[in-house]
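A quick write-up on the structure given underneath.
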Amino acid sequence: MPSLTQVLRDRARRHPDRVAYIAGDTQITYRDFDRRVAQVAAALAAAGVGPGDRVAILDKNSLEYAELLFGAARVGAAQVPVNYRLAPDEVAYIVNNAQAKVFVVGPEFVPVLDAIAGKLEHTAHRVVVGGSDHSHLDYAEWTSAHEPPAEPPDQNVDTADVFVQLYSSGTTGLPKGVMLTHDNFNAVLPLSNELWNIDDDTVLMVAMPMYHVAGCALTVCAVYDGITGVIMREPDPVAIARAIERHRVTHVFLVPVLLQFMQLMPEVREADMSSLRLLLYGASPISEDVLRGAMELLPNTGFMQVYGLTETTGAITYL
């Protein structure tokens, strides 16, 4: 099986003008997304990032999040997503534990970066998406200053290499880095294609945080299947419903508490969500009332409950 960044290059060759991701009012084609990934990879390589290294990110869902995920993999490194709900010292622990050479943060999290900058033991480059008034690199300037090589380095990436390192507190003690390889995703995603009935018309929403295995796996799934992914900045029930209507989303994964809130909001009921073919739900128990209410809200949608672990690259049981 090819590496995931080689999969991206193949999609860019086969469907260059197909929309890869939509985030807010921004759309990017597979050709342009692959080019952006190559620029990110070149910037990382210039920062001394190479095979086996780690690149951390603290942000809400964004196109830059996806670029960094594939860009790090292109040079043989791995992204380390950090939960943005953690306290500053907890963020510092994860970045240090991963020995991340580069740390990218979203604009809302510059105060966290400033609070822990002196505690980062291995991080030589601190980058802010959207710029900063502080003494940190601007993400757009940092990436655009580097021209990608004519021959992408991902040809030398081994599929047994770690693609992403997600931190889980599923056990006692401090969070632990769960190392998921290209092969892990290559083993799981073909099954999802079959079970979810994905086709060329599928529009997949990434509503869960990308620091979680669900959000990460769905981000990868969009590229793996060569379909369009709709990235939600954060899991807001009304914004999700309106984006489903606007972009004619066909597949989405939501947690039960979101399904519960959606049933309570008139704005959600006003949205046309008839395009939705499959709703996956999981990550916590669901009550019968919430499930029945969701099925009444979305009468033409199939429902599938999933169970999985970070360590298993997401869902392994489908009901």
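Between the Y93 side chain and the P88 main chain, no donor and acceptor come within less than 3.5 Å of each other. Listed for the E90 side chain is a donor-acceptor partner under 3.5 Å among the backbone atoms of A87. A side-chain donor-acceptor contact under 3.5 Å links H146 to the backbone of W142. Here the side chain of Q6 pairs a donor or acceptor atom with the backbone of S3 at under 3.5 angstrom. With hydrogens and angles ignored, the 3.5 Å screen pairs no side-chain donor or acceptor of R31 with any backbone N or O of A12. A donor-acceptor contact shorter than 3.5 Å links the side chain of R74 to the backbone of T5. The backbone N or O of T202 lies less than 3.5 Å from a partner atom in the side chain of D199, making a donor-acceptor pair.
Atom OG in S144 sits 8.0 Å away from atom CG in D138 (nearest 0.5 Å). One finds the CG atom of L44 at 11.0 Å from the NZ atom of K101 (value rounded to the nearest 0.5 Å). Between T310 atom OG1 and L166 atom CG the span is 6.0 Å, to the nearest 0.5 Å. The structure places OG1 of T181 at 8.0 Å from CG of N186, a figure rounded to the nearest 0.5 Å. For the atom pair L68 CG and D59 CG, the distance stands at 10.0 Å (nearest 0.5 Å). Separation of atoms CG (L195) and CG (L191) is listed at 4.5 Å; rounding is to 0.5 Å.
Nearest approach of S168 to V178, heavy atoms of both residues: CB-CG2, 4.0 Å. Contact record, L58 with V82: CD1-O, 3.7 Å, taken as the closest heavy-atom pair. Residues D53 and G48 share a closest heavy-atom pair of OD2-O, 3.6 Å. Heavy atoms only, all atoms of each residue included: P235 and M208 are closest at CB-CE, 4.3 Å. Pairing each heavy atom of P175 with each of S169, the nearest pair is CG-OG, 3.4 Å. Closest approach of V95 and A56 over heavy atoms only: CG2-CB, 4.1 Å.
In the displayed structure, M179 atom CE is contacted under 6.0 Å by at most 12 heavy atoms of other residues, nucleotides or ligands. For M265, the CE atom sits in a packed shell: over 12 heavy atoms of surrounding residues, nucleotides or ligands are nearer than 6.0 Å.
Looking at I231 and M205, their side chains never come closer than 4.5 Å, going by heavy atoms from C-beta outward. Using a 4.5 Å cut-off on side-chain heavy atoms (C-beta onward), P51 and V75 make no contact. In this structure the side chain of R233 reaches within 4.5 angstrom of the side chain of S62, judged on heavy atoms. Residues Y139 and E67 form a side-chain contact, since some pair of their non-hydrogen atoms from C-beta on lies under 4.5 Å apart. A heavy-atom distance below 4.5 Å is not found between the side chains of H15 and T29. Under the 4.5 Å side-chain criterion, counting only non-hydrogen atoms from C-beta, T301 is not in contact with L278. N61 is not listed as a side-chain neighbour of E234, based on a closest heavy-atom distance of 4.5 Å or more. Side-chain contact check for F70 versus V40: every heavy-atom pair is 4.5 Å or farther apart.
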Show me the side-chain donor-acceptor pairs of residues 115-128 shorter than 3.5 Å, one per line, residues at least two apart or across chains.
residue, atom, partner, partner atom, Å
K119, NZ, D89, OD1, 2.7
T123, OG1, A100, O, 2.9

Distance-only check: which donor-acceptor pairs under 3.5 Å involve side-chain atoms of residues 245-264, not counting sequence neighbours?
residue, atom, partner, partner atom, Å
R246, NH1, D25, OD1, 3.2
R246, NH2, D25, OD1, 3.1
R248, NH2, S274, OG, 3.3
T250, OG1, V203, N, 2.9
T250, OG1, V203, O, 3.2
H251, NE2, W196, O, 2.8
Q263, NE2, L259, O, 3.0
Q263, NE2, V290, O, 2.9

For residues 219-226, please give each side-chain donor-acceptor pair under 3.5 Å, one per line with the distance, not counting sequence neighbours.
residue, atom, partner, partner atom, Å
T219, OG1, G215, O, 2.7
D225, OD1, N193, ND2, 2.8

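Residues satisfying the ring pair (Phe, Tyr, Trp, His ring centres under 6.0 Å) criterion with H182, sequence neighbours excluded, are F163. Residues meeting the ring pair (Phe, Tyr, Trp, His ring centres under 6.0 Å) test with Y84, sequence neighbours left out: F109, Y211.
V7 and V157 fall into different hydrophobic clusters, where Ile, Leu, Val, Met, Phe, Trp and Tyr are joined by side-chain heavy atoms under 4.5 Å apart, directly or via other members. Linking ILVMFWY side-chain heavy atoms closer than 4.5 Å, directly or via other members, places L297 and M295 in a single hydrophobic cluster. In the hydrophobic clustering of this structure, Y65 groups with F33; members are Ile, Leu, Val, Met, Phe, Trp, Tyr whose side-chain heavy atoms approach within less than 4.5 Å, directly or through other members. Residues V162 and V188 do not share a hydrophobic cluster, clusters being chains of Ile/Leu/Val/Met/Phe/Trp/Tyr side chains in contact below 4.5 Å. Hydrophobic clustering, with ILVMFWY side chains joined whenever heavy atoms are under 4.5 angstrom apart, keeps Y307 apart from L180.
A donor-acceptor contact under 3.5 angstrom links the side chains of H136 and D114, judged on distance only. Between the side chains of Q165 and Y167, a donor-acceptor pair is found at a separation under 3.5 Å.
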Evaluate the criterion side-chain contact (heavy atoms from CB on, under 4.5 Å) for residue pair E267 and R242; output intermediate values, then yes/no. CA-CA 9 Å; E267 299 94 331; R242 288 175 176 168; 3.8 Å; yes
Using the side-chain contact (heavy atoms from CB on, under 4.5 Å) rule, take V129 and V104 through it: C-alpha gap first, then chi angles, then the decisive distance, then the call. CA-CA 7 Å; V129 177; V104 177; 3.7 Å; yes
Residue pair V306, Y281: steps toward the side-chain contact (heavy atoms from CB on, under 4.5 Å) verdict: CA-CA 6 Å; V306 298; Y281 63 96; over 6 Å; no
Run the numbers on T228 and Y21 for side-chain contact (heavy atoms from CB on, under 4.5 Å), then give the verdict. CA-CA 5 Å; T228 299; Y21 292 110; over 6 Å; no
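Counting only residues at least two apart or in different chains, salt bridge (Lys or Arg N to Asp or Glu O under 4.0 Å) contacts with residues 290-315 comprise E288-R292.
Using a cut-off of 4.0 Å between Lys/Arg side-chain N and Asp/Glu carboxylate O, R9 and D34 are scored as not salt-bridged. Look at R36 and D32 and you find no salt bridge, because none of the NZ, NE, NH1 or NH2 atoms lies under 4.0 Å from a carboxylate O.
For the side chain to side chain contact (heavy atoms under 4.5 Å, CB included) with M304, the qualifying choice from L280, L319, L279 is L280, the only one to do so.
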